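I have placed the structure first, in the form of structure tokens, so that the comments after it can refer back to it.
Note that the numbering runs from 1 along the sequence shown for the chain. This structure is a prediction, so every number in the text was calculated from the model and none was measured.
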Amino acid sequence: DHGIHDDDDSSGVEFPTAATPMFLIKEKNVHRENIAMCSAPISYEDFQATILENMGLLGPEDEVIFPDSIYKYSEGDLRVRVWYDSSFSGKASMKYVFCGDTCELERVVRENEGEEVSDYP
């Protein structure tokens with residue numbers, strides 16, 4: 001799930017970038033009264049390692065293919081992220097590298113700190 005997107009153009013960014021990705025994870029034998037929320041800088045790239053770890057199947061040899069699970073990151077950690085403005089938007093594809101949340105992404109977009117790329121992953 002990509003969570004919410006900022007569809008309000010008042011930010012001054014031509015194509016608003018804010019997104020709030022979300023995982024809902026229910027670990028085996030863990031019971032909570034309420035949903036525990038965390039803003040750790042996790043990524044969809046961490047999903048496979050997290051599933052394997054929760055199943056007890058993540059071994060040292062798997063870390064080459066699946067380097068990080070969500071448990072590697074904590075609230076307040078910083079993580080380098082990459083965001084691509086895809087070419088279907090009608091302008092050149094841009095690659096933005098940032099460290100932080102979507103507010104930091106919006107800042108690097110607003111200040112044009114990206115680089116033009118010809119290939120979108």
Side-chain angles (χ1 to χ4, degrees):
D1 186 344
H2 288 89
I4 61 170
H5 289 271
D6 178 8
D7 290 326
D8 178 9
D9 255 353
S10 65
S11 65
V13 178
E14 186 176 349
F15 297 96
T17 57
T20 309
M22 167 178 75
F23 284 119
L24 290 175
I25 297 175
K26 164 58 172 88
E27 296 145 332
K28 182 179 178 180
N29 299 322
V30 174
H31 304 280
R32 299 184 197 280
E33 291 294 319
N34 298 307
I35 294 175
M37 297 189 57
C38 178
S39 293
I42 61 173
S43 169
Y44 288 106
E45 296 170 342
D46 309 331
F47 183 72
Q48 291 174 312
T50 302
I51 297 301
L52 290 171
E53 186 170 336
N54 281 328
M55 294 174 65
L57 299 174
L58 186 65
E61 67 281 358
D62 298 317
E63 291 182 7
V64 173
I65 300 170
F66 312 113
D68 299 333
S69 79
I70 66 165
Y71 305 110
K72 179 178 178 180
Y73 300 96
S74 300
E75 190 96 29
D77 285 353
L78 293 177
R79 185 175 187 182
V80 174
R81 298 172 180 269
V82 177
W83 182 76
Y84 291 89
D85 179 12
S86 59
S87 60
F88 68 81
S89 66
K91 61 180 184 176
S93 294
M94 297 294 290
K95 175 183 175 182
Y96 297 93
V97 179
F98 65 105
C99 190
D101 60 13
T102 57
C103 291
E104 177 63 10
L105 171 57
E106 288 185 343
R107 184 195 67 74
V108 299
V109 170
R110 185 175 51 253
E111 295 179 12
N112 200 26
E113 293 181 10
E115 66 177 276
E116 193 170 318
V117 293
S118 59
D119 56 340
Y120 176 73

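Side chain of E75 to backbone of C38: no donor-acceptor contact under 3.5 angstrom is found.
Cation-pi geometry between R79 and Y73 is met: under 6.0 angstrom from the ring centre, within 45 degrees of the axis.
In this structure, OH on Y71 lies 5.0 Å from CD1 on I25, to the nearest 0.5 angstrom. Atoms NZ and OH, from K95 and Y84 in turn, are 4.0 Å apart once rounded to the nearest 0.5 Å. In this structure, CZ in R110 is found 10.0 Å from CG in L105, a value given to the nearest 0.5 Å.
Closest heavy-atom contact between G100 and L78: CA-CD2, 4.4 Å. Between V109 and Y96 the shortest heavy-atom distance is CA-CE2, 3.7 Å. Shortest non-hydrogen contact noted between E27 and N54 is CG-OD1, 3.9 Å. Annotation for D68 and K72: closest pair OD1-NZ, 2.9 Å, computed over non-hydrogen atoms. Between S74 and P41, the shortest heavy-atom distance links the atoms O-CD, 3.6 Å. Nearest heavy atoms, D62 versus L57: OD2-O, 3.2 Å.
Counting heavy-atom neighbours within 6.0 Å of E111 CD, excluding the residue itself, gives a total above 12. Atom NZ of K26 is surrounded by more than 12 heavy atoms from other residues, nucleotides or ligands within 6.0 Å.
Note on I70 and Y44: same hydrophobic cluster, where clusters join Ile, Leu, Val, Met, Phe, Trp and Tyr whose side-chain heavy atoms are under 4.5 Å apart, directly or indirectly. Cluster annotation: M55 and F66 are assigned to the same hydrophobic cluster (Ile/Leu/Val/Met/Phe/Trp/Tyr, side-chain heavy-atom contacts under 4.5 Å, transitive).
Using a 4.5 Å heavy-atom cutoff, the side chains of R107 and E113 are in contact. Counting heavy atoms from C-beta outward, E115 and M94 have side chains that stay 4.5 Å or more apart. Between S69 and D46, the closest side-chain pair of non-hydrogen atoms is not below 4.5 Å. V97 has its side chain out of reach of R81: every pair of non-hydrogen atoms, C-beta onward, lies at least 4.5 Å apart.
I65 pairs by the side-chain contact (heavy atoms from CB on, under 4.5 Å) definition with nothing, not counting sequence neighbours.
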